[in-house]
K.L.:
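Quick one: the structure is below, and I'll ask about it shortly.
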Amino acid sequence: MYLGLDLGTSGLKALLIDEGQRVVGQATAPLTVSRPHDGWSEQDPAHWIAAAEAALDALHARHRAALAAVRGIGLSGQMHGATLLDAGDRVLRPCILWNDTRSHAEAAALDADPRFRAISGNIVFPGFTAPKLVWVAHHEPRIFARTARVLLPKDHLRLWLTGEHVGEMSDAAGTSWLDTGARRWSEQLLGASGMSLAQMPRLVEGTEPSGRLRPALAGRWGMGAAVVAGGAGDNAASALGTGVLASGSAFLSLGTSGVLFAATDSYRPNAASAVHTFCHAIPESWHQMGVILSATAALEWFAGIAGTTAEALVRDVKPAPVSPASLLFLPYLAGERTPHNNAAVRGAFMGLAQGHDRSAMTRAILEGVAFALRDSLEALKAAGTRIEQAVAVGGGARSLHWLHVIANALDIELVLPATGELGAAFGAARLGLIAAEGADPATVCTPPQAVQRINSSADVRAAYEEAYGRFRAAYPQAAKQAEPT
């Protein structure tokens, strides 16, 4: 048996698979986000441990024999979070999360240093880890002075599981401290942000063992000293869950944020395009991805205002394919990453009229998210990565209508996989299997069976191109409004 633990923003998921990769059991525990100020997003790391305990307790209650047979554990987690520990491994403050934008000024200052893009291969985004530590140095100097170690969220979970300070390449690439081509910490970049190599965890590949389950925890759940794999950041883990390993293979994730992810067999960064170029979770492999900050989050936001559910909103929209509407929606509710790198820009409806009802506004949101993903596709093309087909995953992928809209906006084929586990927890469990058994990643991480293929419609292609042009033209106006007066 093999166990995957996926530490998300809204919850922790534990997934058990057997040697044939069949799901034996799963359990989840919820998490909440604290937003004490505008642009802030934090979690207490103690809540991650409590969530892991709750999920494992639930698995133990229902699948005791299977849990006792676990040989490997894989970890996946939300990226970029800054978990600050003192010399005794005590947490010094709430973790500053990936979608926290308070350090936008610090990010811009670091990004102005040409070494960061040259060595890390990426823009220094406000959500990344390095500017968060500079913010702490500026605003919480006593805490910064006591910081002996910085761990990413899933690596704090690993510390609890194994007692080891270990990170891995795919997650570390999102800190702005990694030499992404060489797959090692950069002392230059650490020094430029007031940090040192001594404050960083040891790095392993995602497929390698990072330690073993502590005896106290093994005894609590009747487990042995299972191997704990290096693991992966959530997107790289999702790629392993969907079999996106070979160069050119891709997935599109419609979750809280939206991700267009493509595997590459060489390191070819293009930071100017605002594309993320990170290490993959398997050795000698990288990936590129465009990230938009509000995908299903935009739909959930509108559902809250409308007093209904996102599912009900989508049911009211006319089925695809239809030409896009004149009403535009810019989905920049929390700023935007690819391709704009603008934490201050905010969303808007443009062209709103008395004749527009709830259904028209929902349709504009679906199309706005699709056009933002098209922005990511164009940025990936500029970085030398072409995508013709992508596996569609995430909660938003349950809407066939939305997938048709996206296929038309991007003019690519979307593959809808067979129902079953494909996400980050499944990818993490696969890493646990690989690390424990020394298995070949390509043999283990096979793609899912396709149940439907969704292609763009030639009848509406010209209309979508025209609408996308209007979407792109609207951004400068939104950005100008976000500029300080």
Side-chain angles (χ1 to χ4, degrees), residues 9 35 37-41 79-81 96-114 116-117 120-132 134-135 174-176 235 255-260 269-278 288-299 301 328-350 364-365 367-383 409 468-485:
T9 312
R35 301 185 185 277
H37 304 286
D38 183 43
W40 289 34
S41 182
M79 297 179 67
H80 315 306
I96 307 175
L97 300 187
W98 61 276
N99 55 352
D100 187 294
T101 58
R102 77 184 74 176
S103 60
H104 57 90
E106 289 79 6
L110 294 182
D111 193 52
D113 182 338
F116 277 88
R117 293 193 185 190
S120 77
N122 294 277
I123 290 173
V124 182
F125 288 93
F128 284 12
T129 319
K132 294 180 171 78
V134 178
W135 184 93
T175 62
S176 291
N235 287 305
T256 301
S257 59
V259 176
L260 191 57
N270 185 356
S273 67
V275 163
H276 297 12
T277 302
F278 290 164
Q288 292 185 316
M289 62 182 179
V291 177
I292 67 170
L293 293 180
S294 297
T296 62
L299 200 58
W301 161 79
L328 280 178
F329 176 72
L330 307 182
Y332 310 135
L333 302 178
E336 192 55 293
R337 284 203 189 169
T338 310
H340 303 302
N341 185 28
N342 189 337
V345 69
R346 289 295 179 262
F349 284 103
M350 302 185 74
I365 290 172
E367 291 170 358
V369 170
F371 290 138
L373 289 167
R374 170 70 181 271
D375 273 348
S376 285
L377 178 67
E378 296 301 322
L380 284 163
K381 288 179 183 177
Y468 176 58
R470 289 189 288 110
F471 178 86
R472 285 179 63 91
Y475 171 77
Q477 182 178 346
K480 185 175 179 59
Q481 291 178 346
E483 291 176 358
T485 56

K.L.:
Restricting to non-hydrogen atoms, name the atom on Val124 and the atom on Ala107 that form the minimum distance, rounded to 0.1 Å.
P.N.:
O-CB, 3.5 Å
K.L.:
Do the side chain of Thr296 and the main chain of Gly255 share a donor and acceptor less than 3.5 angstrom apart?
P.N.:
yes
K.L.:
How many angstroms lie between CD in Glu483 and NZ in Lys480, if you round to the nearest 0.5 Å?
P.N.:
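The NZ atom of Lys480 is 5.5 Å from CD of Glu483, to the nearest 0.5 Å.
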K.L.:
Asn342 and Tyr475: side-chain donor and acceptor closer than 3.5 Å?
P.N.:
yes
K.L.:
Centroid-to-centroid, Phe125 to His276, below 6.0 Å?
P.N.:
yes
K.L.:
Measure the spacing between OG of Ser257 and CG of Asn235 and express it to the nearest 0.5 Å.
P.N.:
7.0 Å
K.L.:
So, is the end of the Arg35 side chain (NZ or CZ) under 6.0 Å from the ring centre of Trp40 and within 45° of the ring's axis?
P.N.:
no
K.L.:
Looking only at the side chains, is there a donor atom on one of Asn122 and Thr277 sitting less than 3.5 Å from an acceptor on the other?
P.N.:
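No donor-acceptor contact under 3.5 Å links the two side chains.
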K.L.:
Just wondering, do Thr9 and Thr256 contact through their side chains at under 4.5 Å, heavy atoms?
P.N.:
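When only atoms from C-beta onward are counted, Thr9 and Thr256 do not touch, as no gap falls below 4.5 Å.
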K.L.:
Any idea which heavy atoms bring Ala372 and Ile292 closest together, and the distance?
P.N.:
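Closest approach of Ala372 to Ile292, heavy atoms only: O-CG2, 3.7 Å.
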K.L.:
If I take atom CD from residue Gln288 and atom CG from residue Leu260, how far apart are they, to the nearest 0.5 angstrom?
P.N.:
11.0 Å
K.L.:
If the condition is side chain to side chain contact (heavy atoms under 4.5 Å, CB included), which residues does Arg472 pass it with, not counting sequence neighbours?
P.N.:
Asp375, Tyr468
K.L.:
From His340 NE2 over to Ile123 CD1, what is the distance, rounded to the nearest 0.5 angstrom?
P.N.:
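CD1 of Ile123 is found 11.5 Å from NE2 of His340.
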K.L.:
If every non-hydrogen atom of Asn270 is compared with every non-hydrogen atom of Ala383, which pair is closest and at what distance?
P.N.:
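Smallest heavy-atom distance, with atoms named: ND2-CA, 3.5 Å.
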K.L.:
Determine the minimum heavy-atom distance between Ala298 and Leu333, stating which atoms define it.
P.N.:
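So the minimum-distance heavy-atom pair works out to CA-CD1, 3.8 Å.
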K.L.:
Looking at Lys132 and Asp100, is there a salt bridge between them, counting it only when a charged N and a carboxylate O are closer than 4.0 Å?
P.N.:
no
K.L.:
Taking Ser103 for its side chain and Pro126 for its backbone only, find out whether a donor-acceptor pair lies under 3.5 Å.
P.N.:
yes
K.L.:
Nearest 0.5 Å, please: how far is CG in Leu380 from CG in Leu373?
P.N.:
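Leu373 atom CG to Leu380 atom CG measures 10.5 Å (nearest 0.5 Å).
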K.L.:
I'd like to know if the side chain of Glu336 reaches the main chain of Leu293, judged simply by a donor and an acceptor atom lying under 3.5 Å from each other, with no hydrogens or angles considered.
P.N.:
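Confirmed, Glu336 side chain pairs with Leu293 backbone.
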K.L.:
I need the minimum non-hydrogen distance between Phe329 and Ala364, along with the two atoms involved.
P.N.:
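Minimum heavy-atom contact is CB-O, 3.4 Å.
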K.L.:
For Thr129 and His80, indicate whether the former's side chain and the latter's backbone hold a donor-acceptor pair under 3.5 Å.
P.N.:
yes
K.L.:
What heavy-atom pair brings Arg337 and Trp98 nearest, and what distance separates the two atoms?
P.N.:
NH2-O, 3.4 Å
K.L.:
Going from CG on Asp111 to CG on Asn341, what distance comes out if it is rounded to the nearest 0.5 angstrom?
P.N.:
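Answer rounded to 0.5 Å: 6.5 Å.
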K.L.:
Would you check if Leu330 and Phe471 make a side-chain contact, meaning some heavy-atom pair closer than 4.5 Å?
P.N.:
yes
K.L.:
Under a 3.5 Å distance rule, please check whether Thr338 uses its side chain to pair with a backbone N or O of Val291 as donor and acceptor.
P.N.:
yes
